[in-house]
Structures are given as C-alpha cells and as structure tokens.
Number of protein chains: 2
Amino acid sequence: MESKPNIQDVARLANVSIATVSRVINNQGGVRKQTEEKILNAIKELGYIRNAAARTMKSRETKTIGVIVPDIKNPFFPLVMAGIEQKAREKGYFTILSSTNESPIVEGKIIKNFVERGVDGVIITTANENGEHLNLLKEQNIPVVAVDRIIKSFDADTVLVDNAKGAYQAVQHLILQGHRDIAIICGPQNTTPGFERFIGYKKALEDYNIPLEESLVVQGDFGEQSGYLATRRLRELRTRPTAIFSSNNLMTIGCMKALDDLNWKLGEEVSFVGFDDVDIATFLNPKLTVVARPMNSVGEIAFMFLHERIQFKANLPKREYSLPPELIIRQSCRMWEK
Amino acid sequence: MESKPNIQDVARLANVSIATVSRVINNQGGVRKQTEEKILNAIKELGYIRNAAARTMKSRETKTIGVIVPDIKNPFFPLVMAGIEQKAREKGYFTILSSTNESPIVEGKIIKNFVERGVDGVIITTANENGEHLNLLKEQNIPVVAVDRIIKSFDADTVLVDNAKGAYQAVQHLILQGHRDIAIICGPQNTTPGFERFIGYKKALEDYNIPLEESLVVQGDFGEQSGYLATRRLRELRTRPTAIFSSNNLMTIGCMKALDDLNWKLGEEVSFVGFDDVDIATFLNPKLTVVARPMNSVGEIAFMFLHERIQFKANLPKREYSLPPELIIRQSCRMWEK
DNA sequence: ATAAAAAATCTAAACGTTTTCATTTAGGGG
DNA sequence: CCCCTAAATGAAAACGTTTAGATTTTTTAT
C-alpha cells in the first residue's frame, strides 16, 4: 500500500495499455467486453480512484461551479443554494460555496481562487455591484450568473425577484387599508434589492398621491441590528408612522424585537409588511404579512442559465429572469381610519 | 488573447526560466529583487493566473477541505459552516460544501468526488453513522472530523455538543418545576444526537425517581413535520403530558405550529423546553426556554482538529471534544402543582 | 586580480491523465 | 487459406506545474 494506484498500475495489472483503461473509465466504448471486465476487476482490486487534477489538466473541465454569497447565515442563501445544488447534481456538476461576509476584498480572493481552480462557471450575489474585482471573471471568459444583485461592470445573466413590484404590492396593501404615514426601513441603496425596493415604495406612494415624507425613510444595512435601530428611530418621530415596511428578513427580525421592547403594539398601533417570509412570521401574534420570494426557483433557474452558458459558449445575448414575488396576507395590517 | 497564459509565457516575457517564475509565485525567496520585479511585471502584463490543477498534481496538496452536511436548510449547519470557513480562511484553506439531503447514497457519491478532487481533509455530519460508504475516506488516508454525529466504522476525531447533558438539564428544569408527565419528541435513534438526547431524558427521570412512561416518548425524524405530528399525537393521550421536551430546532417549530393549531396553551397548559435555540424562540409568547449550542465554536474546533491532522499526519490518538450546551431559561415553563 | 564560497538561475524530469494516430488483431468473403 | 476491412488496442505527446541537481553568476576573501 505504497502510494495511491494510478491508471498505470491498473493497466499493468490488467495487461493492457493506459489508453484502453482511460476509455473504460470514461465509458467511451470501443472496448471488448472481455477486456473491459479485466480492467474493471483490476480497478476494484487496486481500489483505484481517478485523479481529478490530472484529468482537469487535460480536459480543461472541472464539472465544478462556484457559488459566492455575501452571508451564509442569512437563511435566504441556503435556500437558494439548495435549488442550485439540486439542479447541479442532476447535471453532474459539483458545487463550491464560499461566503464573503459582505467584503469585496474577500470576494476578490475567492474569485481568484475559483479561477485558479478552473471552475466551469460562477453564480454570485456580489458584495459590491460596481466592483472591478468581478472583471477577472469576464477576462477569463468564465460564465457568470448574478443572483439577487446585478453586476454593473459587464453583462451577465441575471436572476432576480421583481423587487420593485414586491415592494409596491406591500405598500399598496398598506395604502388600501387607509395608511398614509408609511415608513420604510431601507436596505443599502448601492445594492439592487435595497434600491429597487425603495423604488417600489416610492412608486406606490406616488400612484396614490401620497407625498414622500423624508423622515419616514430610514436607512438600514440588511442586518438585524439596523432593523432594530431603525424602528426605535421611527418611534421617536413627531409624526409617528402608522405602518412600517421592512426591506428584508433580518431587518424584519430586528424590527420585531424593537416593537416588543418599545411595547409598540403590532397590528394595533402599527401595521407591518416585511419583504421575505421568515420563520417567525407565523409565530408572532398577529402573524406577519409579508412579500415572499421563491428561493428554490431562484437557485434552479440560476443554475440552468449557467449550464446553458457553459454548454454553448457562443455569445448568447444577456438574459434576465425576474420572478414574481407573492404577497402573503396575514394579520399584521389593520384598517386605519384617520 | 489566444488561450490562457501559462508559466512558460511569463518566463519567456521576463526572460528567465520557469523555475525562477515558480519561485516567485510561491514566495520561496532566493530571487534577486530585480529579477523578481521583471517577473511580477510580466505576470501583470499577461494577466497570468496559476493553474491549481497542475499545481495539485505535483504537490499533492489542494488546500481544500470538504464539508458534508445532511441538510443545508437546517440553520444549524450554516452556522457551523461559518465557524469552519472563518478558521479555514485564516489558515489559507478553501472549503467545498455539499449537502446530502440525509441520503447515504448521495453522501457516498460526494465522498468519492471529494477523494477524486484530492481534498486535504473532510468535516462531516454523516447521514448514516454505520455507513460503509465512509470507509473510502479511511482507506485513502484522508483526515476526517465528525461533527454532531459520530462515525462508527473507524476512529475519527469528533466534535460534539454534550447532548445527554443538555437534555438532562432541560428535563431536570421541568422536573424541578414540579412536572412529572414529561413527554419527549425524539430524533432518530440511529443518530448520535437523537440517541444521546433520549439518554439524557431518561437519566433525568431516573435520577428523580420518575418512571418512564412509554406513551410519552414519541419518535420524530428531526424534521418540522414530524414535530407537528408528534405534538398532535401527544395531545390525544389519556395521560396528557404537562410538559414537552423537543429534541431539535425543526421539530420545535413543528411543535409550536401544532400547539397553536390545537389551541394548547404554551406555558399555561403545557410547559416546553427545546433543544437548540431558534429564531422564533424569543418571538413567541411566552418566550421559549431552550438548550442552546455554540454552533460557531463547533465549526472552529472542527477545523482546528482537522488542520492538526493534516499537518501532522502522524497517528495522533483519536480525540473527542464535547462542548457544553447552555440552558437558556425564558418563559415557556411554569411551576406545576398537581 | 584570483580562487573559493555563496547566491541566483537554469535544465529536465516528474505528476496522472486524455487523445491522436499508428498498429495490431479479429472476422468475413472469396 | 489469404486478403481486406473494421474493430480493438497501443505508443507517445501533451496539459502546466514543482523541484532536484547542475550550472552560471555574483560576492567575498586573499
């Protein structure tokens, strides 16, 4: 049991050439039954396992795709990931996942590493949409699919949920219940979801002739803490809002904690709609009305886009897929009579 | 822009041999300032990126570790993963994550693939603790660390949370409040966590001289649905329990849904302790008392164990690390006077 | 200026595959 | 039994690195 057996050893034991062994390993046919059997036996006997590195070196294929997310602890991403993995496995691809902690620097290193490893493609939710660190992917001619956040420096296929529409529906729902003083807890405005959800918010107000009140627009960073702080801020306003729209799951959680701490009665004193369904939504009293996204589908479509790119390197035009979000009405919004 | 530039191209442009280029790339020293600069410039000019496959082939090192989890959608694993990734990054390692969906078959394929890729080590929460599919790892002499579930077929370093102790504390807490009819929603008994938590439950009852009542022991599979069903089952018992201990996070969620549907008043009619802290715990009314685990630490320690194995191939003895869980007392348990 | 020692650089041989092209073998038809 | 064709197999050249060991250049000591 010296070092690992290689294709040579197998060939020797089966009394054939390595070329023939290779053909058997790769199911290329053109090998006699009898010979094939000899080889298969030799493989089993030696416990031979082929070497991916060597194979990659010749074939320029790794059957691996890289996935980059900003925060693996945000439950959104594991759910997307599950969709990606499932489809990838069906097509014989493997998946490398790395998380950047929202740091473009880390992201750059990961990308470099992925390129060194020769991934066949990349699915990414970037930490910085303007980033030049992404260009390496383009230069190396590696297919890329952007998920949830777009890439600005070059054309890449993109899979999004219609953020503006989702936000619009949420805010519209509040307006139709009679609310006028509707606050928004924003995500970072330099990210697609943060920006577009704010757009949807503004659009809804506009369509219903409600002037935008600056003080009701609070900046957050998609983290729980910022949702908490934003909510406390809103509470202190002289024109206290009668409804809040939170731009993502984590901030929703922060917001709920604040509501609780402040004893600001959800559904009674303040109505609420959140972007993204969350575990806690159905456990609160009242249950939260939210805009839900089809995470699994996002992942599946992202992989399918990527797979097409990988197969037909030809320049398909850039594609964009926008999935419809769904407003799930529960009980956190009350009719508001002024 | 023909094909990607290689070390040859760099050498040619810088007017040196590939050996020297290699030394610069790997920071091995022994190269004159002047020469190094020439090479660095050439690298930049060509946009050279080294080829991991070729490098691996020579050095037999990939600086990659594989992580295998049974269900990426269970929030426990992303949290452990975050700990692993952080430490791994510090040490210059990359991480491949795959999820098995609790299928030993899929797990076997993943392992084979990891071996082909030449991962330097594997961290795994296996889908089947008895599985022979794990032996490949042993045969190939690849360092392995088991997390959360042990591996039975060979000795591997193991990082666990003290499941029995955690369960014991939970049940003890209930007993001390006067409960006697304490139900347990079990996890699969062929998994370490499922089994050991049941042990802890039994031990606590025993220590306080409470006979074990079979009907209060309900089997679950660690999935949400099974927690829901189990709770409904308990409700229909003639000796309805006055307290429930749930063996994991997902089943806790299912249990809460059932409680709600059945209108079985948490904290009043039935006390509750869950294993694993969950997002919803602090949003329920009353808030859930739980046994919390230090997920991040689990990941960190797992990687550190693995790293030591990778560095000192020598046969260190098998190590086991058991982290203490923490009972977080909130409001879901009430004094019970019979 | 010269020899010896030290430092820098180079040459060439792996690493384990895949793949092209050449060669051998098997199988049929005459 | 021989020749021809088709099928099966083999030989050898990559793929892009790393790394001994050989060789050249530079530095230091005399």
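Lettering of chains follows the sequences in order, A, B, ..., and the numbering in each one begins at 1. Excluded from the calculations below are hydrogen atoms, water molecules and symmetry mates; all remaining heavy atoms, backbone and side chain alike, are included.
- Nucleic acid contact class of B:Ile18 (heavy atoms, under 4.0 Å, all strands): base.
- B:Glu90 and B:Lys87 are joined by a salt bridge, as a carboxylate oxygen and a charged side-chain nitrogen come within less than 4.0 angstrom of each other.
- Nucleotide C:dG16 holds its P atom 17 Å from the CG atom of A:Asn26, rounded to whole Å.
- Following rounding to the nearest Å, A:Lys63 (NZ) and C:dT18 (P) show an atom-to-atom distance of 14 Å.
- At a cut-off of 3.5 angstrom, the base of C:dG16 holds no donor-acceptor pair with the side chain of B:Arg60.
- When each of C:dT18, D:dT17, C:dT17 is scored by its nearest atom to the side-chain atoms of A:Asn51, the top-ranked nucleotide is C:dT17.
- Phosphate proximity of D:dT9 to A:Arg32: present, with a side-chain N or O under 4.0 Å from OP1 or OP2.
- Taking for each of A:Gly30 and B:Thr20 the nucleotide of DNA chain D with the nearest heavy atom, the 5'-most of the two is the partner of A:Gly30.
- Ion pairing of A:Glu102 with A:Arg149 is present here, as a side-chain N (NZ or NE/NH1/NH2) and a carboxylate O approach within less than 4.0 Å.
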Steps toward side chain to side chain contact (heavy atoms under 4.5 Å, CB included) verdict (A:Asn51, A:Lys4): CA-CA 10 Å; A:Asn51 179 319; A:Lys4 300 185 187 178; over 6 Å; no

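- The separation between B:Met57 atom CE and D:dT19 atom P is 14 Å, rounded to whole Å.
- A:Gln28 comes within 4.0 angstrom of sugar-phosphate atoms only, judged by non-hydrogen atoms across all strands, and of no base.
- Comment: B:Asp157 does not engage B:Lys318 in a salt bridge, judged by the lack of any side-chain N to carboxylate O separation of less than 4.0 angstrom.
- Within the 4.0 angstrom heavy-atom criterion, only backbone atoms of the sugar-phosphate kind lie near B:Thr35; the bases stay farther away.
- A straight line from CZ of B:Arg55 to C1' of D:dT18 spans 9 Å, rounded to a whole angstrom.
- Counting to the nearest Å, the P atom of D:dA14 and the CD1 atom of A:Ile7 are 19 Å from each other.
- Taking only side-chain atoms of A:Ala19, from C-beta outward, the nucleotide of C:dC10, D:dG10, D:dT18 with the closest atom is D:dG10.
- The distance from atom CD of A:Gln8 to atom P of D:dA11 is 11 Å, rounded to the nearest whole Å.
- Proximity of A:Asn6 to the phosphate of C:dG16: a side-chain N or O atom is located under 4.0 Å from OP1 or OP2.
- Comparing atom distances between the A:Arg23 side chain and each of C:dG16, D:dG16, D:dT9 picks out D:dT9 as nearest.
- The NZ atom of A:Lys33 sits 18 Å away from the P atom of C:dA26 (whole-angstrom rounding).
- Of the candidates C:dT17, D:dG16, C:dA26, D:dG16 carries the atom nearest the B:Ala54 side chain, counting heavy atoms from C-beta on.
- The phosphate of D:dT17 (OP1 or OP2) has no side-chain N or O of B:Ser22 nearer than 4.0 angstrom.
- Residue B:Glu116 contributes atom CD, which lies 20 Å from atom P of C:dC15 at whole-angstrom precision.
- Taking a cutoff of 4.0 Å between a charged side-chain nitrogen and a carboxylate oxygen, A:Glu116 and B:Arg55 do not qualify as a salt bridge.
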